[in-house]
Amino acid sequence: MSAALRQGPRLIVEAPLLWGHMDSLIFLGFAVAYLALLIWGVSLLFARRRAVVSDLTLLVVLGLVYDNTVIGLGATIGEGDVLEGLNSARYWLHAFLTPLLVLVAWHVLIRTGVRWARPIWVAVVALGVTAALIIYEVIVGALPMQLVARWEFGALSYSNENAPDGPPIMVLVVALALVVAGTVAWVRARWPWLTVVTVLMVAGSAVTLPVPSAAIVNAFELILLLGIVATIAFQDRISARRAPEAQHPDS
């Protein structure tokens, strides 16, 4: 879902000397932040002692650790087949992992106690939408990609010259699913943050910020994933409180 993956064909731009490798450092900072977020998510899984569907978020976070690390180290690795191959993997990971957030949104609804989300047909729909988004991203993004080296604000990466025009359909569908789940969590559990971070991510991606950096917009993506993991932690706490009540309903 990173901005580097969503943008279309662009000219190769030499970084201003004043900023040097500023964006490379920002991307590496994001990679460290995602690694910390991944550790938090894994700690939640171990504390719960069982995996749940929402833990698919960890695969998305792992993909973003890789994504930001590759861009951050691009200037150090330099142009060539190695960096091009590493960047190619970024697009494939984006296609296969980001749609998993639709299933995460569905499971947030389940854990919030929404009855209409429980029937098997709803799970089938969520799986179908996820699979359709993956297939779409592979067909329009990953398979036809033609990578071109691009310098921008001191960061070197390979952009897809055959990126589809128009709005990022997959990202918008994922965002819609998260907004629905977040709104329900807001109303039923007084937890507004999933909705807030999703709206922030969509708004931040649509606005051109007046800063000399192409990396900074990815902060909105980090905020989104932070909000999703925080939602998982919140629902874990709710489940932990309800467990004793379920064992002793008369107490």
Side-chain angles (χ1 to χ4, degrees), residues 1-42 57-101 134 137-164 168 170-171 201 204-205 208-209 211-226:
M1 289 173 62
S2 68
L5 292 177
R6 292 194 299 270
Q7 58 198 358
R10 302 189 60 169
L11 295 175
I12 299 176
V13 181
E14 290 295 338
L17 294 177
L18 176 64
W19 288 90
H21 294 288
M22 181 61 69
D23 266 16
S24 291
L25 296 176
I26 293 174
F27 279 116
L28 289 175
F30 283 146
V32 172
Y34 280 118
L35 183 59
L37 190 58
L38 180 65
I39 292 171
W40 182 22
V42 171
T57 302
L58 301 180
L59 295 179
V60 180
V61 175
L62 183 60
L64 288 167
V65 172
Y66 176 87
D67 185 270
N68 285 273
T69 300
V70 168
I71 301 176
L73 294 177
T76 301
I77 297 171
E79 293 186 33
D81 292 340
V82 172
L83 186 60
E84 184 175 351
L86 292 173
N87 276 267
S88 176
R90 289 174 49 233
Y91 289 88
W92 284 100
L93 288 173
H94 173 71
F96 278 97
L97 297 183
T98 305
L100 297 178
L101 293 178
I134 291 173
E137 282 296 312
V138 168
I139 292 175
V140 306
L143 286 177
M145 68 177 162
Q146 183 176 350
L147 299 181
V148 176
R150 176 174 60 87
W151 276 99
E152 194 167 23
F153 298 106
L156 172 63
S157 64
Y158 279 75
S159 62
N160 182 10
E161 200 170 48
N162 286 336
M170 186 267 284
V171 173
M201 188 275 294
S205 300
T208 301
L209 299 176
V211 293
S213 171
I216 203 67
V217 69
N218 284 24
F220 294 104
E221 190 173 57
L222 175 59
I223 292 171
L224 172 67
L225 270 298
L226 177 62

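For the numbers below, each heavy atom of this structure counts, side chains included, while hydrogens, waters and symmetry mates do not. For clarity, every value in this text was computed on a predicted model and none was experimentally measured.
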Val60 side chain reached by Leu225 side chain, heavy atoms, under 4.5 Å: yes
Nearest non-hydrogen partners of Ser24 and Gly154, listed with the distance: OG-O, 2.8 Å
Closest contact, heavy atoms only, Tyr66 versus Leu86: OH-O, 2.8 Å
Side chain proximity check, Thr69 to Tyr34, heavy atoms < 4.5 angstrom: no
Between CG on residue Leu64 and CG on residue Leu59, distance to nearest 0.5 Å: 11.0 Å
Test item: Val32 and Leu28 side chains (from C-beta on) under 4.5 Å apart, heavy atoms: no
By side-chain contact (heavy atoms from CB on, under 4.5 Å) - contacts of Val140 (at least two apart): Tyr136, Pro164
Over all atoms of both residues, closest heavy-atom pair of Gly204 and Val217: O-CG2, 3.4 Å
Nearest non-hydrogen partners of Ala75 and Trp151, listed with the distance: CB-CH2, 3.6 Å
Pairing residues for Ser88 by the side-chain contact (heavy atoms from CB on, under 4.5 Å) criterion, not counting sequence neighbours: Trp92, Met145, Leu147
Exercise: identify the closest heavy-atom pair between Leu97 and Gly63: CD1-CA, 4.0 Å
Nearest-0.5 Å distance, CZ of residue Phe30 to CG of residue Asp23: 9.0 Å
Derivation and outcome, side chain to side chain contact (heavy atoms under 4.5 Å, CB included), residues Asn218 and Leu222: CA-CA 7 Å; Asn218 284 24; Leu222 175 59; over 6 Å; no
Smallest separation among heavy atoms of Met201 and Leu224, with atom names: CE-CD2, 3.8 Å
Close side-chain approach of Asn68 and Ile71, heavy atoms under 4.5 Å: no
Candidate pair Asp67 and Phe27, rule side chain to side chain contact (heavy atoms under 4.5 Å, CB included), full reasoning: CA-CA 9 Å; Asp67 185 270; Phe27 279 116; 5.6 Å; no
For Leu62, side-chain contact (heavy atoms from CB on, under 4.5 Å) partners two or more places apart: Leu38
For Leu83, side-chain contact (heavy atoms from CB on, under 4.5 Å) partners two or more places apart: Val70, Ile77, Asn87, Leu156, Tyr158
Spacing of Ser157 atom OG and Glu84 atom CD [to the nearest 0.5 Å]: 12.0 Å
